[in-house]
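We use all heavy atoms of the structure for the numbers below, so side chains are in, but hydrogens, waters and symmetry mates are not. Throughout, a chain's letter reflects where its sequence line sits, starting with A, and its residues are numbered from 1.
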Amino acid sequence: MRIATYNVNGVNGRLPILLRWLEEAQPDVVCLQELKSPSERFPALAIAKAGYSAIWHGQARWNGVAILSKVGEPIELRRALPNDPDPSQSRYLEAAINGVLVAGFYAPNGNPWPGPKFDYKLAWLEELRRHVSSMFAAKASVVLIGDWNIIPTEKDVYKPERWKDDALFAPQARDFYAKMLGDGWTDALDKQFKGKPPFTFWHYWRQSFERDAGIRIDHALLNRHAAKRLKGAGVDREARSWPGTSDHAPVWIELKE
DNA sequence: ATGTCGGTGTCGCACCGA
């Protein structure tokens, strides 16, 4: 079962890109972020024609998340964190698919740092951690996958000094990620690439992609049960090179049946 | 310090968030 995450940066504006990638990559499950679309304008028909059933939680202008599946309808469990500090922001969807609990989300960016947006980021992440804490030892696979907006370590950024004042690389954000790993969660890409995982995001400007001036902020964390099933993971870098593409590349993991 | 996107409304450019 292949589960992917893709920050599309506008699901309507980049629908051709999304459909091309779905056709080529054929993931079983996809968590989308930054739909930038109200729920009523989510392109459900085009996605259904591509073979995917979907649940989504949109919002005008910003944010917005969805879960797509071609291995059975996603059974929606939650469409927000239980105590989101700002419930008006569409950032979290949780579904059961094929016996796997998939939490797909778009964590707050947090810039500028310090400031109220950064406080919201940390509060949101702590609520995520609290909410999933009881799931780690479950007798079923749990996958926390999406745009975490966290650069976990110095190895995950092209030039650490360029990002030292950014909320994505703030010590508190990195500490949070380390706490998740300390709770036992497995960073699937880091494990699969033996400590040298690829970047997942490159700015549009200054030819960042061409220079590989990227960062790693899209992650899949696995509970104990899912970690035992991990058999593959990757970043679909090529999709980042397509004309009119998102600034993120799709990230995927594969679990044994 | 700079740079580039999509979406939105104050609409045909300027803004916001990223």
Side-chain angles (χ1 to χ4, degrees), chain A residues 5-21 31-44 46-47 56-66 84-92 104-125 146-152 156-170 172-174 176-177 199-219 235-251:
Chain A
T5 177
Y6 191 9
N7 181 321
V8 281
N9 191 10
V11 72
N12 289 308
R14 299 197 204 277
L15 186 58
I17 297 284
L18 173 62
L19 295 175
R20 176 179 174 185
W21 174 71
C31 297
L32 297 177
Q33 304 90 35
E34 280 204 88
L35 302 180
K36 293 185 172 180
S37 167
S39 287
E40 56 271 24
R41 284 209 283 276
F42 181 78
I47 283 168
W56 60 92
H57 189 190
Q59 182 182 334
R61 291 194 192 91
W62 304 304
N63 308 323
V65 286
D84 189 324
D86 180 0
S88 72
Q89 303 194 25
S90 301
R91 297 187 173 276
Y92 185 89
F105 55 87
Y106 175 51
N109 175 296
N111 278 305
W113 163 56
K117 290 190 176 182
F118 189 70
D119 297 340
Y120 172 59
K121 174 180 193 159
L122 289 184
W124 192 95
L125 288 169
D147 179 354
W148 291 66
N149 268 319
I150 298 174
I151 301 169
D156 299 304
V157 51
Y158 173 65
K159 273 190 180 169
E161 62 272 23
R162 286 279 169 90
W163 289 81
K164 65 178 172 48
D165 297 326
D166 196 286
L168 279 58
F169 197 47
Q172 298 99 312
R174 285 188 271 165
F176 172 82
Y177 200 84
F199 297 144
T200 67
F201 170 95
W202 301 259
H203 269 309
Y204 287 121
W205 55 69
R206 292 172 66 88
Q207 299 196 297
S208 298
F209 183 65
E210 290 75 4
R211 295 185 293 117
D212 199 26
I215 57 176
R216 187 171 80 101
I217 54 175
D218 302 274
H219 311 296
V235 175
D236 287 347
R237 243 185 111 89
E238 201 211 324
R240 179 61 181 79
S241 74
W242 297 340
T245 197
S246 169
D247 40 9
H248 294 250
V251 177

In whole angstroms, the gap separating P of B:dC16 from CG of A:Asn63 amounts to 17 Å
Taken to the nearest whole Å, CD1/A:Ile217 to C1'/B:dG17 is 14 Å
Legend entry - Flag, side chain of A:Asn7 to backbone of A:Asn9, donor-acceptor distance under 3.5 Å: yes
Open item on the list: Looking only at the aromatic ring of each residue, does the gap between the centers of A:His203 and A:Trp163 stay below 6.0 angstrom?
Closed with: yes
### Separation between the C1' atoms of B:dG3 and B:dT8, rounded to whole Å
22 Å
Between CG of A:Leu168 and P of B:dA18 the distance, given in whole Å, is 10 Å
inquiry  = Between A:His248 (side chain only) and A:Ile217 (backbone N and O only), is there a donor and an acceptor less than 3.5 Å apart?
reply    = no
Paired with A:Tyr6, the side-chain contact (heavy atoms from CB on, under 4.5 Å) test is passed by just one of A:Val11, A:Ile17, A:Asp218, namely A:Ile17
Readout for nucleotides 3-12 of chain B: B = base within 4.0 Å of protein heavy atom, S = sugar-phosphate only, - = neither; 5' to 3' it is BBSBSS----
Exercise. Is it true that a side-chain atom of A:Lys121 and a backbone atom of A:Asn149 form a donor plus acceptor pair closer than 3.5 Å?
Worked result: yes
* Electrostatic pair A:Asp212:A:Arg237 at N-O distance under 4.0 angstrom -> yes
In whole angstrom, give me the gap between the C1' atoms of B:dC11 and B:dC15.
-> 12 Å
Using atom C1' in both nucleotides, what's the gap between B:dC13 and B:dA1 to the nearest angstrom?
24 Å
Worksheet entry | Check: A:Ser39 main-chain N/O paired with A:Trp56 side-chain donor or acceptor under 3.5 Å | yes
Practice problem: Describe the nucleic acid contact of A:Glu34 in one word from base, sugar-phosphate, nothing, applying a heavy-atom distance below 4.0 Å. | Solution: sugar-phosphate
Residues pairing under salt bridge (charged side-chain N to carboxylate O under 4.0 Å, His left out) where one sits in residues 10-20 of chain A, two or more places apart or in two chains, turn out to be A:Arg20-A:Glu24
| Checking A:Arg240 side chain against A:Phe209 main chain: does a donor-acceptor pair fall under 3.5 Å? | no
- Between B:dC16 and B:dT10, how far is it from one C1' atom to the other, in whole Å? 13 Å
To the nearest angstrom, the CD-C1' distance between A:Gln207 and B:dT2 comes to 14 Å
The correct set of residues in residues 105-115 of chain A placing a heavy atom under 4.0 Å from DNA chain B is A:Tyr106, A:Asn109
